[in-house]
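Start at 1 with the first residue, then count along the sequence. When reading the values below, keep in mind they use all heavy atoms of this one structure, side chains included, and skip hydrogens, waters and symmetry mates.
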Amino acid sequence: MKYIAIFIGGGLGACLRYLFASIPSIGLFPVGTFAANLLGAFLMGYFAAVSLRMFTHHPHLKKGLTTGLIGAFTTFSTFQYELVYLLNQTHWWMLFLYMLLSYVGGIVCCWTGYRTGGVQR
């Protein structure tokens, strides 16, 4: 049952990711990947917090949401490829801006999701 939940969540996450891929870039800044990764970080933090009290009796649902849906929705490999592309094009400012905003923004979004989900530490 766990694998079916991950399979269904992964299919939905991949479809959402495809929709985000159609968001046009602003100059060289890949808005779609950036938005998907920050939203995914928020959702991962949120569901991590919510799972402490809501998914204890439904661990398959938690796996379907986190590993399946969010795992397929976010994209570390595309993010890395975009960084390499900017590096190869010697767009240094855009490379560092995208890297900094993604890493710091991801941590902030995950923390915010965690707090929103109910963990108050």
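R17 and T74 are not linked by any side-chain donor-acceptor pair at a separation below 3.5 angstrom, with hydrogens and angles left out of the test.
Of all heavy-atom pairs spanning S25 and P30, the tightest one is OG-CA, 3.7 Å.
Remark: Y18 engages no residue in a side-chain contact (heavy atoms from CB on, under 4.5 Å) (not counting sequence neighbours). Judged as a side-chain contact (heavy atoms from CB on, under 4.5 Å), and not counting sequence neighbours, the contacts of L95 are L83, L86, L87, W92.
Contact of the F20 side chain with the T75 side chain is not registered, since no non-hydrogen atoms from C-beta on lie closer than 4.5 Å. Inter-residue side-chain proximity for M94 and F29 is flagged as met; some heavy-atom pair is nearer than 4.5 Å.
Crowding of Y103 atom OH: a count of heavy atoms from other residues, nucleotides or ligands under 6.0 Å exceeding 12. Shown here is I26, whose CD1 atom has no more than 12 heavy atoms of other residues, nucleotides or ligands within 6.0 Å.
Two different hydrophobic clusters hold I6 and L16 under the rule that ILVMFWY side chains link at heavy-atom gaps under 4.5 Å. Hydrophobic clustering of Ile, Leu, Val, Met, Phe, Trp and Tyr side chains at less than 4.5 Å, counting indirect connections, unites F76 with F73.
A distance of 5.0 Å separates CZ of F34 from CG of L101, quoted to the nearest 0.5 Å. Atom CG of L38 and atom CG of L43 lie 11.0 Å apart (nearest 0.5 Å). Taken from SG in C110 to CZ in R115, the straight-line distance is 13.0 Å, to the nearest 0.5 Å.
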What's the verdict on side-chain contact (heavy atoms from CB on, under 4.5 Å) for T116 and F42, showing C-alpha distance, side-chain angles and the deciding distance? CA-CA 9 Å; T116 302; F42 174 84; 3.9 Å; yes
